[in-house]
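Letters A, B, ... mirror the listed sequences (proteins, then strands); counts begin at 1.
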Amino acid sequence: MTQSSNETWTVTIVVPEDSSLDEAGETYDLEVGADETILAAARSAGVWLPADCQQGWCTTCAARLVDGDVAHPNARRYYDEDDEAGYVLPCTAKPRTDTTVVVDQYDDFLEFRAANDRPPGNSKLDS
Amino acid sequence: MSDEKEHGSGSVAPGDTSKRVGAEVIRERGVDPEELREKLIDAIGAEFTTYYYYTNLRMHLAGEEDYKEITEDARLEDRAHFELVVPRIYELEGSLPNDIRDFADRASCPDAEVPTPMDDSGGFDTSDLAVEDILEVLLEAERCAIRTWSEICDMTRGADPRTYDMAQRILNEEMDHEAWFIELLSKERDDEINPAGHFARGEPGDAPYSTNNRFNDSA
Ligand code: FES
Ligand SMILES: [Fe+2]
Ligand SMILES: [Fe+2]
């Protein structure tokens, strides 16, 4: 079980201009509880970010952390090098401070995983 | 009246077998059939891996015949889900990965391993294995499947009725499965009555919505 906390942080979600999402070019500020995932907070605020497994496995939700800090206590497939390169998985990422993420980074993240010989990188890109 | 509605799929020349109108009608409606097909491969990768992993999870529910039976229903229905969608991938000009490791790596849901540490020889250390932990793995696997098939319903709604029909049949069963494991885990872990509202399938892995015998005999 995750620890409980009343803390909330401001998470800024940046949807890139060139994103295929309807929200392309928009920026949203959300209050996200320390026990809440960024994806769940965004979806319940009406910001429909991409996702699939919601277990930190498939990487559909991949985003780039440009400021702040998150934790992924329940992610099923998240590697140290992801963390070092500033990639996060909003479906399982919980804010630890005020944070800014750039969403819709799935394609770039697949390339990154492939370059590091981590799944699902090559299994997706070779097909 | 014939000039009232132009069909983009009319761009497939008569007799041209290099293109499929079955794919072009989807593209016309705003969905990329190649992207959809790749997502379907990921989704049935997860059906296939859970079919495998549920075999082992079921084995380790030793002495819990009722839990084993329900897990067997969910296991066989995952195989039915895999079988149901395989032909669709080929219709959309895709194929299964030649290497099963690629198939497992790209599966859209996590490996559902027996929740116990491996010993040095790769065997299971079952000394601390608890029934409730196995039920939790099963429950979370079903939840992932619900999310995946809901995403595929979203992707195909109004654009690809054939894939949508498959996805919603599978989704029906995944929701059954989640309800089963909520009932069992609630009782086992919390001694709480939390009814699924269902009885066991008529026969193991009945797949009342998704079995492809009743739906697609040629597959
Ligand atoms: S939705 Fe699968 S990793 Fe986030
Ligand atoms: Fe399934
Ligand atoms: Fe299932």
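Looking at B/Asp99, there are no atoms closer than 4.5 Å to chain A (heavy atoms on both sides), in backbone or side chain. For B/Pro97, no part lies near chain A; criterion is any non-hydrogen pair under 4.5 Å.
The candidate from A/Cys53, A/Pro120, A/Cys58, A/Pro119 with the greatest count of non-hydrogen atom pairs under 4.5 Å with chain B is A/Cys53. Put simply, of B/Ile152, B/Asp105, B/Ile146, the one with the most heavy-atom pairs under 4.5 Å next to chain A is B/Asp105. The residue among B/Ala104, B/Cys144, B/Ala145, B/Ala43 with the most heavy atom pairs within less than 4.5 Å of chain A is B/Cys144.
Although no hydrogens or angles enter the test, the distance criterion places no donor-acceptor pair under 3.5 Å between the side chain of B/Arg37 and the main chain of B/Ile89.
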In sequence, state the C-alpha distance, the side-chain angles, and the governing distance for B/Trp149 and B/Glu47, and then conclude on side chain to side chain contact (heavy atoms under 4.5 Å, CB included).
CA-CA 11 Å; B/Trp149 293 110; B/Glu47 297 294 341; 2.7 Å; yes
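B/Phe48 does not carry B/Arg79 over the face of its six-membered ring by the limits of under 6.0 Å from the centre and within 45° of the normal.
No option in B/Val31, B/Val85, B/Leu40 other than B/Leu40 meets the side-chain contact (heavy atoms from CB on, under 4.5 Å) test with B/Thr163.
Put simply, CG on A/Leu125 and CD on A/Glu111 are 5.0 Å apart, with the number rounded to the nearest 0.5 Å.
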